[in-house]
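Everything numeric in this text was worked out from a predicted model, so none of it was measured. One-based numbering along the sequence shown.
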Amino acid sequence: MAAIKVFGNPASAPTMRVILTLHEKNLDFEFVHVDLQAGEHKKEAFLARNPFGQVPAFEDGDVKLFESRAITQYIAHRYEGQGTNLLPADSKNIAHYATMAIGMQVEAHQFEPVAVKLVSEQVFKLKKGLTTDQAIVAEEEAKLAKVLDVYEARLKDFKYLAGDTFTLTDLHHIPTIKYLLGTPTKKLFTERPRVNEWVAEITKRPASQKILQ
């Protein structure tokens, strides 16, 4: 039995974020399915792993964590010498590391909140038989466009958002981008050539393909 366990749901972007990191690191792990429809994430057994009742939760031997971005950073550091290096090429360079940290903060606070609303309106509402609110979509797309304009300018000078190597900054975007590429919001990526190239680059990775199927 693998020492690493992920307690989550495969439809959850945060869960996918952790699984993607493990695939990039070529690490074996046990996936424990949490049934969100049945409310398992709000029951005592799961709340003991994450008191906020959100997936995923994570175990690596005696290490027990929650919050997907904290988990990915743990994996990237704990297993730095294995699989893909997800830190800056010189991870001891404080300036380079800070650049990656800025990118992770931008993803978490500027990109993800807007992207999640768009996914909710255009993907999960439809799965529930509800109608997409186009006014919300228009409002959130305008916000996302501004974020992607910043990315387009950044990618003029670098191949990836934190520099010339693939890092956690890029990886953290992939699960939500996966959903948006299946919606009309895809146009916001494709109409920006550098962003479009970046999206193609990060989603064609073998590890990405495992969660994008």
Side-chain angles (χ1 to χ4, degrees), residues 1-34 49-50 54-108 111-112 115 151 154-155 158-181 189 195 197-213:
M1 184 177 294
I4 296 176
K5 294 182 180 180
V6 179
F7 301 81
N9 188 284
S12 151
T15 299
M16 283 190 271
R17 194 174 289 128
V18 171
I19 292 174
L20 179 54
T21 306
L22 291 167
H23 285 320
E24 285 284 357
K25 286 295 183 182
N26 298 321
L27 293 168
D28 293 329
F29 63 94
E30 178 184 352
F31 182 75
V32 182
H33 185 271
V34 178
R49 303 184 186 283
N50 181 351
Q54 297 174 318
V55 293
F58 175 88
E59 289 185 6
D60 185 5
D62 293 333
V63 176
K64 302 182 192 316
L65 303 171
F66 58 89
E67 293 295 342
S68 65
R69 294 173 185 83
I71 296 168
T72 63
Q73 289 181 74
Y74 165 82
I75 296 167
H77 285 277
R78 171 67 178 81
Y79 299 98
E80 184 174 359
Q82 185 166 341
T84 303
N85 177 33
L86 298 172
L87 303 173
D90 179 4
S91 61
K92 306 302 182 187
N93 184 309
I94 297 175
H96 291 177
Y97 195 89
T99 297
M100 183 187 76
I102 290 170
M104 291 190 292
Q105 290 291 312
V106 170
E107 182 274 330
F111 176 86
E112 183 76 358
Y151 287 10
R154 173 71 178 168
L155 293 165
F158 299 99
K159 183 175 181 180
Y160 298 100
L161 290 178
D164 289 322
T165 59
F166 178 79
T167 67
L168 289 175
T169 294
D170 307 290
L171 181 149
H172 286 178
H173 289 79
I174 295 172
T176 312
I177 285 177
K178 165 199 170 179
Y179 282 118
L180 291 178
L181 291 181
F189 299 101
V195 167
E197 184 177 352
W198 168 71
V199 167
E201 188 70 27
I202 65 175
T203 57
K204 76 179 183 183
R205 298 177 66 83
S208 299
Q209 288 299 308
K210 290 181 180 180
I211 69 160
L212 296 176
Q213 291 172 352

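- Q54 pairs by the side chain to side chain contact (heavy atoms under 4.5 Å, CB included) definition with N50, F52, E67, not counting sequence neighbours.
- Remark: Y79 pairs with I4, K25, L27, D60, I75, Q82 by the side chain to side chain contact (heavy atoms under 4.5 Å, CB included) rule, at least two apart or across chains.
- Every residue two or more places apart in sequence or in another chain that forms a ring-ring contact (aromatic ring centres under 6.0 Å, His included) with F111 is listed here: H173.
- Between I174 and I202 the shortest heavy-atom distance is CD1-O, 3.6 Å.
- Residues passing the side-chain hydrogen bond (donor to acceptor under 3.5 Å, both in side chains) test with S12 are T15, sequence neighbours excluded.
- In this structure, E24 contributes its side chain and A207 its backbone to no donor-acceptor pair below 3.5 Å.
- Heavy atoms of other residues, nucleotides or ligands lying less than 6.0 angstrom from CD1 of I94 number 12 at most.
- Every residue meeting the ring-ring contact (aromatic ring centres under 6.0 Å, His included) condition with H77, not counting sequence neighbours, appears here in chain and number order: Y97.
- Of all non-hydrogen atoms in L168 and M100, the two that sit nearest each other are N-SD, 4.2 Å.
- E112 pairs by the salt bridge (Lys or Arg N to Asp or Glu O under 4.0 Å) definition with R17, not counting sequence neighbours.
- Figure legend: cation-pi geometry between R49 and F66 absent, as NZ or CZ is not positioned both under 6.0 Å from the six-membered ring centre and within 45° of its axis.
- The CG atom of L181 lies 6.5 Å from the OG1 atom of T203; values are rounded to the nearest 0.5 Å.
- Not a single donor-acceptor pair under 3.5 Å links the side chain of T99 to the backbone N or O of A162.
- For H23, the ring-ring contact (aromatic ring centres under 6.0 Å, His included) test picks out F29, with sequence neighbours left out.
- Here the closest non-hydrogen pair linking P14 and S68 is O-CB, 3.4 Å.
- F58 is linked by a ring-ring contact (aromatic ring centres under 6.0 Å, His included) to Y74, counting only residues two or more places apart in sequence or in another chain.
- Residues passing the side chain to side chain contact (heavy atoms under 4.5 Å, CB included) test with K159 are D164, E201, sequence neighbours excluded.
- Between L20 and L171, the shortest heavy-atom contact is CD2-CG, 3.7 Å.
- When atom types are taken as modelled, the side chain of T72 and the backbone of R69 share a donor-acceptor pair closer than 3.5 angstrom.
- Applying the side-chain hydrogen bond (donor to acceptor under 3.5 Å, both in side chains) test to T167 and every residue at least two apart in sequence or in another chain returns nothing.
- In plain terms, the two heavy atoms of D170 and L161 that are nearest each other are OD1-N, 3.1 Å.
- For S208 (side chain) and K204 (main-chain N/O), no donor-acceptor pair under 3.5 Å exists by modelled atom type.
- In this view, R154 satisfies the salt bridge (Lys or Arg N to Asp or Glu O under 4.0 Å) rule with no residue, not counting sequence neighbours.
- Every residue two or more places apart in sequence or in another chain was checked for a side chain to side chain contact (heavy atoms under 4.5 Å, CB included) with N26, and none qualifies.
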